[in-house]
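Inspection log for the structure reproduced underneath, given as C-alpha cells.
Quick note: residue numbers are just sequence positions, from 1. Computed from a prediction, not measured in an experiment: that's the story for all the values here.
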Amino acid sequence: MKRVITGLINGICIIVIVFLIAILFSVVTTPAGENPNFMGFSAFRIISGSMEPALPVDSFVLVKGVPASELQAGDIISFYSRDPLLGGAVNTHRIDSVLVENGLTRFVTKGDANAIADAIPVEVQDIIGKVVFSSVIFGKFVRLISNPLIFGSCIVIPLMIIIFMNIRNMVKDVKEISERERIDMETAELKAKLGALERKKEQENK
C-alpha cells in the first residue's frame, strides 16, 4: 500500500513539474509582442472590471483559436486592441454585433460592465480566439505563481519531494536487504551448530 501511495505522490509531482516547465517553455519561446500559445489555446488573466459580472477581476480565461466565421454576437473573444489608449494590448470583450462591409468582416465588441461599445471594431487578423473556459479561483492561483520565487518553489518543492521519497525508499530497501542477509546468516549459523550437535551425538552413540 505504501508503494502505491509513494508512486501516486511521485506521479502527481511529476505532472506538476512537467506542466509548469511546459508553461515556462511556452512563455520563453513566444516571440516578443505575441501571446503564448499551446496546442491552439492561449490563457490570460483579467485585470479590469469591464467584463463583470461574467468575468470578474483576476479571472483566468482559456481562449481557443477559432475561424472568424464561427464567431457570432454574444461570444466573448480575446483580441489585440487597436484603441490608442490600450496601445495594442490584449483585450477580452463580448461581441456586440458583426459588421460586414465590402466583403470584410469586423466585430463590434463591448464590455458587459461598460455603458457603450468599444470605439474601434475588431479586425479578423487581430482576433486571438474565443473564451471557452474561465475561473476566478484558478486566476488567483495563476496570479500567485506569477511571482518568480513562488513559481520556482512550485518546481523545486515537488522535485525535492520526489528525491526525498526515493531516497527514503532506497534506505528502506537497503535496510530490508541487510535484515534479510542477517537473518540468512543467523539461520546458516544455527543450521551449522545443529549439524555439529547431530554429528557429535552420532559419534557418542557409536
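- Summarising the geometry of Phe79 relative to Ile127, their closest heavy-atom pair is CB-CA, 4.1 Å, with the distance given to 0.1 Å.
- When all heavy atoms are compared, the tightest approach of Ala73 to Val98 is N-CG2, 4.3 Å.
- Taking OG of Ser97 as the start and CZ of Arg106 as the end, the distance is 10.5 Å to the nearest 0.5 Å.
- Atom CD in Glu181 sits 10.5 Å away from atom CD in Glu179 (nearest 0.5 Å).
- Counting heavy atoms from C-beta outward, Asp96 and Thr109 have side chains that stay 4.5 Å or more apart.
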Could you go through the side chain to side chain contact (heavy atoms under 4.5 Å, CB included) check for Phe107 and Leu99 one step at a time? CA-CA 6 Å; Phe107 300 89; Leu99 300 177; over 6 Å; no
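- When only modelled atom types and interatomic distance are considered, Ser134 and Ser59 share no side-chain donor-acceptor pair under 3.5 Å.
- A 4.5 Å side-chain heavy-atom check between Phe44 and Phe60 finds every atom pair outside the cut-off.
- Rounded to the nearest 0.5 Å, atoms CE (Met51) and CD1 (Ile46) are 7.5 Å apart.
- Rounding to the nearest 0.5 Å places NZ of Lys64 at 9.0 Å from NZ of Lys130.
- For Asp118 (side chain) and Ile120 (main-chain N/O), no donor-acceptor pair under 3.5 Å exists by modelled atom type.
- When the options Val61, Ile77, Asp75 are evaluated for a side-chain contact (heavy atoms from CB on, under 4.5 Å) with Val131, the one that passes is Val61.
- A donor-acceptor contact shorter than 3.5 Å links the side chain of Lys110 to the backbone of Asn114.
- Ile76 and Leu71 sit in two unconnected hydrophobic clusters of ILVMFWY residues. Membership requires side-chain heavy atoms under 4.5 Å apart, directly or through other members.
- Using a 4.5 Å heavy-atom threshold, the side chains of Val57 and Ile47 count as separate.
- When every heavy atom of Ser81 is checked against every heavy atom of Asn91, the shortest pair comes out as CB-CB, 4.2 Å.
- Salt-bridge check for Arg45 with Asp58: passed, with a basic side-chain N closer than 4.0 Å to an acidic carboxylate O.
- By the criterion of side-chain heavy atoms lying less than 4.5 angstrom apart, applied directly or through intervening Ile, Leu, Val, Met, Phe, Trp or Tyr residues, Val124 is grouped together with Val122 in one hydrophobic cluster.
- In this structure, the side chain of Arg94 engages the main chain of Gly74 through a donor-acceptor pair within 3.5 Å.
- A 6.0 Å sphere centred on CD1 of Ile183 holds more than 12 heavy atoms belonging to other residues, nucleotides or ligands.
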